[in-house]
There are 2 protein chains.
Amino acid sequence: MLDVPMSTDAERRRALSRPAVFREPGALLYAGNCSDLFDASLAGKVTLNAWTRRSYPGRDLGEALPQVLSVGGWDAVAPQDWGLKLHCNEGVKIAYLKRGSLTLTLDGQKHELQAGDMFVVRPWQLHAFGDPHVVASHIIWVLFDVGVRRPHEQWYWPDWLAWSDRDRQRLTLLLSRNEQPSYRAGRDVARSFSEIDEIVSTGDIEGEETRLRLTISMMLLSFMNQLKTQGTGLDAALTSSLRTVRIFIARLEHALDEDWTLENMAAECSLSRTQFSQHCLAITNMTPVRYLQSIRLEAAKRKLASRSGTVTEIAHECGFSSSQYFATCYKRRFGIAPMETAHQPYTAVA
Amino acid sequence: MLDVPMSTDAERRRALSRPAVFREPGALLYAGNCSDLFDASLAGKVTLNAWTRRSYPGRDLGEALPQVLSVGGWDAVAPQDWGLKLHCNEGVKIAYLKRGSLTLTLDGQKHELQAGDMFVVRPWQLHAFGDPHVVASHIIWVLFDVGVRRPHEQWYWPDWLAWSDRDRQRLTLLLSRNEQPSYRAGRDVARSFSEIDEIVSTGDIEGEETRLRLTISMMLLSFMNQLKTQGTGLDAALTSSLRTVRIFIARLEHALDEDWTLENMAAECSLSRTQFSQHCLAITNMTPVRYLQSIRLEAAKRKLASRSGTVTEIAHECGFSSSQYFATCYKRRFGIAPMETAHQPYTAVA
DNA sequence: GATACGGTGGTAAATTTTGAACATGCTCGA
DNA sequence: TCGAGCATGTTCAAAATTTACCACCGTATC
C-alpha cells in the first residue's frame with residue numbers, strides 16, 4: 001500500500017525539474033516508443049490528433065498545460081499494419097476507447113477492450129496495443145508527468161487542476177493502486193473525453209487552454225468518482241439494440257451480394273438510420289456503407305487469389321453492380337488492380 | 001468602456017481584504033437585502049439552498065470557495081407573498097431561471113423572464129425580483145466578490161478558477177459591459193447551473209468543493225463563450241410541444257370540472273406523460289397534478305367568496321369528486337376550512 | 001478513364017419515448 | 001377524522017427517433 005505524504009513546494013519543484021530518464025532505446029524502461037504510431041500517421045494510415053511536449057508525437061504544447069506530456073488520440077478508420085509493442089511511459093496514462101476495439105497487453109495479460117472502456121497505465125508499467133496489429137479504433141488519452149522519474153516515487157499533480165489537497169491525494173491513491181485492467185466509462189467520463197478530443201482536433205492551443213484545463217480536470221474528477229464508488233467494473237452488458245447490430249454485422253459477410261443500403265440494413269435491425277449508424281461506428285469505427293465496402297473488397301481479394309473466375313463474376317458475387325466501379329474501389333483500397341491479385345497468392349490485410 | 005489593466009498580486013490582495021461597505025440599511029447602495037427571502041425560507045414557503053459567507057442567508061462556506069459570497073438557489077413551488085425589493089449586491093451575480101417565470105427589474109425596467117433564461121447583475125446595480133411578489137420559480141445563482149467595494153473599481157476573479165490571464169480579462173470585459181438584460185441559456189450553461197444546484201442541495205461543503213469549483217468555472221466559461229459568440233439573445237421561440245402545453249395550461253382553468261389525470265392531459269397534447277410533465281414543470285414549476293389542484297383550489301376560493309352555494313356544489317364544479325377530500329386539501333392550502341371563506345370577502349393568494 | 005449531378009450516406013442536436021424506481025395521494029372503511 | 005393499501009403520479013437516465021444539413025458516393029454520360 002502506497003502512502004501519500006504531504007510535501008513542500010520545494011520538493012515538488014525538484015521532482016518535476018529533473019530530466020526524464022531511461023531514454024535509451026535499449027533500456028528495459030525505455031520511456032516512450034510511439035514511433036510506429038507516428039510513422040503510420042505520417043503515412044496517412046491513421047489520424048493522430050495530439051498536443052504534446054518532449055519527444056511525444058503531435059503539435060507542441062509550448063508553455064500551455066504544464067505537466068501534460070500528451071493529450072489527444074488516434075483515429076484509425078481501417079485495420080492497421082502496426083501496433084505499439086511493449087513499452088512504458090514516464091507518466092501516468094488515462095485513456096478511453098471511444099469506438100472500435102483494441103487489444104491491450106498489461107502486466108503480460110491480454111485484454112480485449114470495447115468501445116466505452118477506459119483504463120489507466122501507471123508510470124513505468126509495461127504495456128502494448130494491438131494483437132499484434134491495431135484494428136479500426138478511436139482512442140483518446142491524457143498522459144501526465146506526475147514527477148515520477150523512477151518507479152514508486154511520489155506523484156505530483158499540476159497546479160492548474162485547482163483541486164483541493166484532499167482530492168489530489170485521493171486521486172493518487174486510487175490511480176496508483178488500481179487493480180482492474182479496465183473499466184466501463186460512465187456518462188460523464190465519456191463526455192469529457194469526447195470533449196477533449198474535440199478541443200484537440202479543432203481548437204488552437206492558445207485559445208482553448210482554459211477549456212481544455214477544465215475539461216481534463218473534470219474528466220479526472222469523474223474518473224476518480226467512478227473508481228471510488230464503482231470499484232468493480234460495470235457489466236459489459238450491451239443494450240439489446242447494440243447486440244442486434246453486432247449480430248447483424250457478423251452475418252453480413254455471408255450476404256455480401258445482397259443489395260444493401262443504409263436504409264435496408266437499419267430496417268433489418270428495425271432501427272432508425274441514425275441509431276444503426278451509431279452502433280456500427282461504435283463496433284467497427286466505420287460507418288455502415290464504408291464497413292460494407294471494406295468487407296466486400298476483402299472478400300473479393302480472397303476470392304481473386306484463391307480461385308479462377310472473371311473479375312466481373314467475382315465483383316458481382318461481392319455485391320458490386322459494376323465491374324468498373326469495383327476496379328476503382330479495389331485499386332484505391334489495395335493499390336493494385338483486381339487482375340493483378342488474381343495471379344498472386346492471397347496475403348492478409350495490407 | 002471599462003478597461004482592464006494588469007495588476008499586481010499586492011493590489012489584488014488589498015482590494016479583496018477591504019471590508020464590505022455601504023452596509024447600513026439606510027444607504028442608497030445598501031449591500032444585500034435578502035431578508036424577505038430568508039424569512040420566507042424559515043417559514044417554509046420557499047426552499048432556499050445556498051452556501052454563503054458574510055451576511056447572506058444559507059449554510060456557511062467556511063474556508064471553501066474564496067470570493068464566493070453565495071452559491072445556490074431558491075425553489076418556490078407555489079406563488080409567494082414576498083418579493084426582493086430594489087437592492088444591490090457588492091458582488092457580481094450570475095443567475096439562471098431553471099423553471100417557472102420571474103419578473104426582474106433592472107435599471108428601472110421590468111423584464112419577464114422564462115424558464116431557461118440567464119442574466120447578470122453587476123456590482124452595485126439596482127435590481128428587484130417579483131412584481132411585486134415572486135411566483136412559482138426555481139432560480140440558481142453564483143454571487144462573486146470580485147473586489148469591487150465602490151462602483152467602477154477593477155474586478156478580481158478567484159485564483160481557483162484556474163483560468164489563463166487572457167480569459168480572465170475577456171470575462172471581465174464581457175460581463176462589465178453586458179447590455180442585454182437577459183439571454184437564453186445554451187445547453188452547457190443550463191447543465192452547469194443544474195449541476196451547481198444539485199451539488200449545493202445534496203452534497204457537503206468539504207467533500208464537494210472540488211466538483212463545485214470546476215462546475216462553476218465551467219459554467220462561467222460557457223457563459224462567456226455564449227456572450228462572445230451570441231451577443232444578441234436567441235429567439236425565445238418555443239418548441240412546438242412546449243407551446244402546445246402552454247396553451248393547454250392556459251385553457252385548463254376553464255375546464256376544471258373535467259376528470260383530468262396525467263394520462264388524460266398528456267394525451268390531450270398528444271405527448272408522452274414524461275414529456276408533458278417536463279414542460280409543465282418548466283412553465284409552472286409545478287408538476288401537472290399539483291398545478292391542477294392548485295388552480296382548482298384557487299377557483300374554489302374565489303367562488304366561495306363571491307357567491308352562495310353549498311361547499312359540495314362548488315367542490316364538484318372545481319373537479320373534486322368528494323367534498324371531504326376537498327375540505328382536507330383546502331385547509332392544507334389556505335389554513336382555513338371552506339366554510340369559513342364562504343363568509344369572508346375574497347382576498348388574493350395568501 | 002474523366003466528369004457532372006442527383007440521390008444516398010453521415011452527423012449532430014434537439015426532441016421524444018421507454019421503463020423502472022420511487023413517492024405520493026386518493027379512496028374506502030373504521 | 002384517521003389510517004391502510006393500492007393506484008396514480010413523479011423523476012431520472014438511457015434509448016431511440018426526428019430533423020435538418022452537408023458531403024460524397026456511384027451512376028450515367030461522354
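Heavy-atom basis, side chains included; hydrogens, waters and symmetry copies ignored. Per chain, numbering begins at 1; letters A, B, ... match sequence-line order. This structure is a prediction, so every number in the text was calculated from the model and none was measured.
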Exercise. Rounding to a whole Å, what distance do you find between A:Lys98:NZ and C:dT11:P?
Worked result: 10 Å

So which protein N/O to nucleotides 27-30 of chain D N/O distances come out below 3.5 Å?
{"unit_1": "D:dT27", "atom_1": "OP1", "unit_2": "A:Ser321", "atom_2": "OG", "d": "3.2"}

For this session: Find the distance between NE2 (B:His254) and CG (B:Leu256) and round it off to the nearest 0.5 Å.
Result: 9.0 Å

For this session: Can you tell me the distance, in whole Å, between the CD atom of B:Glu263 and the P atom of C:dG19?
Result: 14 Å

With the criterion being N/O to N/O and under 3.5 Å, what pairs connect the protein with nucleotides 17-21 of chain D, and how long is each?
{"unit_1": "D:dT17", "atom_1": "OP2", "unit_2": "A:Ser272", "atom_2": "N", "d": "2.8"}
{"unit_1": "D:dT17", "atom_1": "OP2", "unit_2": "A:Ser272", "atom_2": "OG", "d": "3.1"}
{"unit_1": "D:dT18", "atom_1": "O4", "unit_2": "A:Thr274", "atom_2": "OG1", "d": "3.1"}

For this session: Have a look at A:Gln293 and say if it touches a base, only the backbone sugar-phosphate, or nothing, with a 4.0 Å heavy-atom cut-off.
Result: sugar-phosphate

Exercise. Contact class for A:Leu262 vs. all strands (heavy atom < 4.0 Å): base, sugar-phosphate, or nothing?
Worked result: sugar-phosphate

Exercise. Which part of the nucleic acid, if any, lies within contact of A:Thr328, taking any heavy atom under 4.0 Å across all strands shown: a base, the sugar-phosphate backbone alone, or nothing?
Worked result: nothing

Exercise. Expressed in angstrom and rounded to an integer, what is the separation of A:Arg290 atom CZ from D:dC24 atom P?
Worked result: 11 Å

Problem set entry | Atom pair distance, as rounded to whole Å: CZ in B:Arg243 and C1' in C:dT15 | 16 Å

Exercise. Between C:dG25 atom P and B:Phe326 atom CZ, what is the distance in whole Å?
Worked result: 17 Å

Problem set entry | Aromatic plane relationship, B:Phe276 with B:Phe248 - under 30° parallel, 30 to 60° tilted, over 60° perpendicular | perpendicular

Exercise. Under 3.5 Å, is there a donor-acceptor pair between the side chain of A:Gln226 and the main chain of A:Gly186?
Worked result: yes

Seminar exercise, completed: For A:Ile283 and A:Ile249, the nearest pair of non-hydrogen atoms, with its separation, is CD1-CD1, 4.4 Å

Problem set entry | Considering all heavy atoms, the nearest B:Val135-B:Ser137 contact | O-OG, 2.9 Å

Problem set entry | d(CZ, A:Arg191; P, C:dA12) in whole Å | 16 Å

Problem set entry | Expected output: side-chain B:Trp260 to main-chain B:Ala255 donor-acceptor under 3.5 Å | yes

For this session: Look only at the side chain of B:Asn49 and the backbone of B:Asp197, and say whether a donor-acceptor pair between them is shorter than 3.5 Å.
Result: no

Exercise. Going through the distances and angles, do B:Glu195 and B:Arg211 end up as a side-chain contact (heavy atoms from CB on, under 4.5 Å)?
Worked result: CA-CA 9 Å; B:Glu195 196 173 335; B:Arg211 188 149 78 102; 3.1 Å; yes

Exercise. If you check every side-chain atom of B:Arg187, which of D:dA13, C:dA14, C:dT16 has the closest atom?
Worked result: C:dA14

Problem set entry | Nucleotide C:dG9, atom C1' - distance to CG of A:Asn264 in whole Å | 13 Å

For this session: Verify side-chain contact (heavy atoms from CB on, under 4.5 Å) between B:Arg296 and B:Phe320, making sure each step is shown before the conclusion.
Result: CA-CA 8 Å; B:Arg296 275 179 168 165; B:Phe320 290 88; 3.7 Å; yes

Problem set entry | Protein-nucleotide distance (B:Phe320, atom CZ; C:dT27, atom C1'), rounded to Å | 15 Å

Problem set entry | Heavy-atom closest pair, residues B:Leu48 and B:Ser41 | CB-CB, 3.6 Å

Seminar exercise, completed: Minimal heavy-atom distance between A:Thr215 and A:Ser192, with the atoms involved, is CG2-O, 3.5 Å

Exercise. Which comes earlier along DNA chain D counting from the 5' end, the contact point of B:Thr261 or that of B:Gln278, where each point is its nearest nucleotide?
Worked result: B:Thr261

Exercise. Do the ring planes of A:Trp141 and A:Trp74 sit parallel (below 30°), tilted (30 to 60°) or perpendicular (above 60°)?
Worked result: perpendicular

Problem set entry | Interface with DNA chain C, restricted to residues 280-289 of chain A and to heavy atoms under 4.0 Å | A:Leu281, A:Thr287, A:Pro288, A:Val289

